[in-house]
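Structure first, then comments.
Not measured: the values here are computed from a predicted model.
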Amino acid sequence: MVVTRVEELSRSRSKVYIEEEFAFVLYKGELRLYHVHQGEELSQADYDAILREVLPRRAKRRAMNLLQGREYTTKQLHDKLREGYYPEAVIDQALDYVAGYRYIDDLRYAVSYITGQESVRSRRRIEQDLIRKGIPRKILEQAWQEWEEQGGAQDEQSMIKKLLEKKKYDPGHTDRKEVQRLYSFLARKGFSGEQIRKALMWENTWEE
């Protein structure tokens with residue numbers, strides 16, 4: 001296999017292309033160690049060593065370093081490693097490694113997030129957040145169940161009323177246009193129409 005291009009990515013790292021296809025990123029010392037030179041042949045032994053030893057070891061270390069700073073979902077950690085130009089097979093190895101030690105656990109992450117947001121975000125908004133973070137729906141359902149078993153509960157009416165208080169909502173002195181604006185505001189927060197209507201009509205003398 002021929003190294004068709006070695007493209008400097010930073011002062012210390014370079015992207016390596018084999019047969020015109022991007023292969024991996026190596027540090028300068030690794031380029032020398034594994035005889036990676038543009039326009040020259042790369043031996044199968046060196047290629048295998050890079051993919052089976054160098055990159056997996058580095059990806060695992062990178063994943064561990066990331067997890068020292070904060071918790072990640074599987075998808076978030078995958079995306080961070082992908083930003084480092086690791087091949088998918090190497091990323092999978094790193095994810096399996098940290099998951100094996102439960103350094104990443106999507107169910108644990110979801111339960112923790114729900115617990116932290118239960119009093120300030122609607123259930124729908126929490127679910128939207130977690131789905132964006134890569135939590136599968138099946139795990140999301142398990143997380144809600146585990147959260148409830150731990151005594152978790154939400155009072156969306158109280159949350160809505162607190163938001164209305166911040167908006168200085170006065171049920172007896174609010175016109176149609178303002179009520180519609182508040183309805184849209186609360187809907188964007190993820191509250192259901194039923195919950196919103198109930199809160200807006202709370203001690204409200206406004207009529208259509």
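Both Leu81 and Tyr101 sit in one connected hydrophobic cluster of ILVMFWY residues. Membership requires side-chain heavy atoms under 4.5 Å apart, directly or through other members. The cluster map of Ile, Leu, Val, Met, Phe, Trp and Tyr, joined by side-chain heavy atoms under 4.5 Å apart, puts Ile131 and Val111 in the same cluster. Note: the hydrophobic cluster containing Tyr47 also contains Val90 (ILVMFWY, side chain heavy atoms under 4.5 Å, direct or indirect links). Residues Val54 and Tyr97 share a single hydrophobic cluster, defined by chaining ILVMFWY side chains whose heavy atoms lie under 4.5 Å apart. In the hydrophobic cluster analysis, where Ile, Leu, Val, Met, Phe, Trp and Tyr join through side-chain heavy atoms closer than 4.5 angstrom, Val3 is grouped apart from Tyr17.
Residues Lys75 and Asp79 are paired through a salt bridge, judged by an N-O separation under 4.0 Å between the basic side chain and the carboxylate. Ion pairing of Arg124 with Glu127 is absent here, as no side-chain N (NZ or NE/NH1/NH2) approaches a carboxylate O to less than 4.0 Å. Between Glu165 and Lys162 there is no salt bridge, since no side-chain N of the basic residue sits under 4.0 Å from a carboxylate O of the acidic one. The residues Lys60 and Glu53 are annotated as not salt-bridged, no charged nitrogen and carboxylate oxygen being separated by less than 4.0 angstrom.
Ala143 and Ile114 get closest at one heavy-atom pair: CB-CD1, 3.9 Å. Closest approach of Met1 and Ile18 over heavy atoms only: CB-CG2, 3.8 Å. Across all non-hydrogen atoms, the minimal contact from Leu77 to Ala63 is CD2-CB, 4.1 Å. Listed here is the closest heavy atom pair of Leu55 and Leu51: CD1-CD2, 3.8 Å. Shortest non-hydrogen contact noted between Arg108 and Arg102 is NH1-O, 2.9 Å. The two residues Arg58 and Val25 have their closest heavy-atom pair at NH1-O, 3.2 Å.
Counting heavy-atom neighbours within 6.0 Å of Glu21 CD, excluding the residue itself, gives a total of 12 or less. Environment of OH in Tyr85: sparse, with no more than 12 heavy atoms of neighbouring residues, nucleotides or ligands closer than 6.0 Å. Surrounding CZ of Arg52 are at most 12 heavy atoms belonging to other residues, nucleotides or ligands under 6.0 Å away.
Side-chain contact check for His78 and Glu88: at least one donor-acceptor pair (N or O, by modelled atom type) lies under 3.5 Å. There is no side-chain donor-acceptor pair under 3.5 Å between Thr73 and Asp106.
Here the side chains of Val2 and Glu40 are not in contact, with every heavy-atom distance at 4.5 Å or above. Looking only at side-chain heavy atoms (C-beta outward), Gln68 and Asn65 come within less than 4.5 Å of each other. Counting only heavy atoms from C-beta outward, the side chains of Phe191 and Arg123 never approach each other to under 4.5 Å. For the pair Gln93/Pro56, a side-chain contact is recorded, criterion being any heavy-atom separation below 4.5 Å from C-beta on. At least one side-chain heavy atom of Leu31 sits under 4.5 Å from a side-chain heavy atom of Val16. Within the 4.5 Å cutoff, the side chain of Leu186 has heavy atoms near those of the Leu164 side chain.
Atoms CG and CG, from Leu182 and Leu163 in turn, are 10.0 Å apart once rounded to the nearest 0.5 Å. Atom CD1 of Ile91 and atom CG of Asp96 lie 12.0 Å apart (nearest 0.5 Å). For the atom pair CD of Glu7 and CZ of Arg13, the computed distance is 12.0 Å after rounding to the nearest 0.5 Å. Here the CG-OH distance, from Leu33 to Tyr27, works out to 15.0 Å after rounding to the nearest 0.5 Å. Once rounded to the nearest 0.5 Å, the distance linking CD of Gln145 with CG of Leu140 reads 12.0 Å. Interatomic distance, OH of Tyr113 versus CG of Asp129, reported as 3.5 Å (0.5 Å rounding).
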- Audit row: Glu83, Lys80, salt bridge (charged side-chain N to carboxylate O under 4.0 Å, His left out) steps and yes/no: CA-CA 5 Å; Glu83 289 173 8; Lys80 290 295 290 185; 3.8 Å; yes
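The backbone N or O of His35 sits nowhere less than 3.5 Å from a side-chain atom of Asp46 that would complete a donor-acceptor pair. Put simply, the side chain of Gln154 gets close to the backbone of Glu118: a donor and an acceptor are under 3.5 Å apart. Judged by distance alone, with hydrogens and angles left aside, the side-chain atoms of Gln180 form no donor-acceptor pair with the main-chain N or O of Lys177 at under 3.5 Å. With Lys133 contributing its side chain and Gln128 its backbone, the two residues share no donor-acceptor pair below 3.5 Å. No side-chain donor-acceptor contact under 3.5 Å links Ser14 to the backbone of Val6. Looking at Gln195, its side chain never comes within 3.5 Å of a backbone N or O of Glu156 through a donor-acceptor pair.
Taking the ring axis of Phe22 as reference, the NZ or CZ atom of Lys15 stays within 45° of it and closer than 6.0 Å to the ring centre. Geometrically, Arg70 engages Tyr72 in a cation-pi contact, judged by NZ or CZ lying under 6.0 Å from the ring centre and within 45° of the ring axis.
Taking the six-membered ring for Trp and thresholds of 30 and 60 degrees, Trp147 and Trp144 have ring planes more than 60 degrees apart, a perpendicular arrangement.
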